Amino acid sequence: MAAEAQRVQRKDGSETCWLTRLARVRRESLVAAVLGCVLAAPACSGARERARAGEAPRVAVTPPPPPPLPAPPATGNPFAGAAFYIDPAYVAKVDATIGAQPARAAQLRKVEASPTAIWIDSVAKVASVARTLDDALAQQQHGGVSVVTVFVLYDLPERDCSAQASSGELSVENGGEARYQREVIEPLAAQFRARPSQRIALVVEPDSLANLATNLGVARCASAAAVYQRSIARALQGLSMPNVWLYLDAAHAGWLGWKRNRAKIAAIYRDVLAEAGGNDRIRGFATNVSNYDALHGGDLARLEPSDPCPDELTYVAELGASLAEVGITGKGFLIDTSRNGRSGTRTRSGSWCNIAGSGLGERPQAAPAPGVDAYWWIKPPGDSDGASDPSTPGYDASCGAGSADSLPGAPRAGQWFTAQFLQLVDNATPPL
Ligand code: BGC
């Protein structure tokens, strides 16, 4: 049977000519089928009449289909009622330390029971996300409870614009904006989309938008500002889906606690979220990532007496109020408690690199306080913040000569720093 010509009535009342049942065409060629369409259904095109009347043939243009509606965003607290994914790569690092310190094995093994976030800090890391999610699914099937996996997206072009320790691989010059979208966001979204039954929490780009709120005096931040905003908006747009809970980074009390800074960051979030498709694209905000501020009390009141937010719990409450002023409401917070167990270890609130005397903080837990989705070990304890020796790549003066608060002998950012890890364990509060 030849393909049948069909007239299809579109919603706008116009008609188009369509070929159906092509699969059933046996001997007749496709050309004959097309002719059949034109000849058998003159009303379909009116082409012959127009040709006779000397009119230019009208080409039936089918308008492009409307863009697909964005997937609905994830809702609710993903940590509630969930088990937590334990990252075997982190466990392996702790195991290596146990190998070198067997006398401490019992204590160090307790650290392995705590989940840590997995940082997607390079294009190369993107491909490993599927394996991690497979592994999380296996843990889920074993335990029978939903497992939540926490990732950190950290590969923005011109990353860490106000410092040197964590400069990334993508820059404006090497086409980083397009590469970020094509090599990071799109493949990441595909892997997340393929796992609709898994709970995925994603912390988006630590420090980036906070740098736009307060560090535009730094040339690299000023020139990267538009790229940051666009890239993050597109990341939120691409990664928002029913199984992915997005948390935009919101720095910490000692950085954005002041009312003026909170107003600035709230305005930036408002703009970025509008560009990303609306406030509901994100579940909330992550604070204290890789930082040391206490949950309550702590040293900020002494170090920064003018800061109305002396600790992280005050900060998330006050930030919530500032966000409400720009129409962003109902958000949940994640707070990094990997290294804030001990306070009073800094001489300056701005010290951020491998702070000597720090301790592990609260263990990861769901819904520990009103408005807080979870405490989490977002910075894997034992990973360095930056190199302390000027001859090491990734050296930052804030980790070495310029910081009396930082541990010496630190490797570059992200690498395992045994001395720091052991100190965090020794000073854990609550104790292990
Ligand atoms: C580093 C990243 C690392 C992360 C977690 C950041 O400071 O720049 O490479 O993955 O810390 O340790």
Side-chain angles (χ1 to χ4, degrees), residues 85-94 96-97 111 114-129 132 149-171 176 180 184 188 201-208 210-211 220 224 228 247 249 251-252 255 286-292 334-340 350-355 358 360-361 364 376-389 392-400 403 405-407 410-421 423-424:
Y85 177 63
I86 303 291
D87 177 16
Y90 181 73
V91 170
K93 292 184 191 180
V94 176
T97 299
V111 180
S114 277
T116 46
I118 295 147
W119 288 59
I120 304 164
D121 58 1
S122 64
V123 167
K125 281 270 183 70
V126 175
S128 66
V129 166
T132 298
T149 308
V150 179
F151 294 95
V152 180
L153 174 61
Y154 193 52
D155 204 25
L156 204 57
E158 307 295 340
R159 191 176 76 190
D160 208 15
C161 66
S162 65
Q164 285 77 48
S166 286
S167 287
E169 63 193 331
L170 300 180
S171 65
Y180 184 67
V184 179
L188 194 56
L202 182 72
V203 174
V204 177
E205 298 293 354
D207 294 355
S208 55
N211 270 322
R220 195 154 77 96
Y228 272 23
Y247 294 86
D249 181 78
H252 57 89
W255 184 345
T287 82
N288 208 35
V289 175
S290 301
N291 209 268
Y292 299 83
L334 269 188
I335 303 178
D336 189 352
T337 57
S338 59
R339 308 188 298 187
N340 70 348
S351 294
W352 53 266
C353 194
N354 303 322
I355 303 302
S358 302
L360 301 169
W376 204 259
W377 286 1
I378 298 177
K379 175 78 182 179
D383 277 9
S384 174
D385 294 314
S388 55
D389 183 330
T392 310
Y395 168 72
D396 193 307
S398 300
C399 303
S403 171
D405 297 337
S406 302
L407 282 169
R412 65 183 305 175
Q415 293 192 349
W416 192 246
F417 186 10
T418 306
Q420 186 198 33
F421 175 68
Q423 190 169 82
L424 288 166

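Whatever order the structure lists ligands and atoms in, that order sets their numbers, starting from 1. Quick caveat: nothing in here was measured; it's all calculated off a predicted structure.
If you check which protein heavy atom lies closest to atom 12 (O) of ligand 1, you get D383 OD2, 2.7 Å. What sits closest to atom 7 (O) of ligand 1 on the protein, heavy atoms only, is S166 OG, 3.2 Å. The protein heavy atom nearest to atom 11 (O) of ligand 1 is K379 NZ, 2.8 Å. Protein heavy atom nearest atom 2 (C) of ligand 1, with residue, atom name and distance: D121 OD2, 3.5 Å.
A salt bridge is absent between D383 and K379; no separation between the charged side-chain nitrogens and carboxylate oxygens falls under 4.0 Å.
Looking at S384 next to ligand 1, no N or O pair under 3.5 Å apart turns up.
Under the 30°/60° scheme for interplanar angles, the aromatic rings of Y90 and W416 are found to stand perpendicular.
A distance of 9.5 Å separates OG of S338 from CG of N291, quoted to the nearest 0.5 Å.
Listed for the Y292 side chain is no donor-acceptor partner under 3.5 Å among the backbone atoms of S358.
Neither side chain, D87 nor T116, offers a donor N or O lying under 3.5 Å from an acceptor on the other.
Remark: ligand 1 atoms within the under-4.0 Å shell around heavy atoms of A413 are 1 (C), 7 (O), 8 (O).
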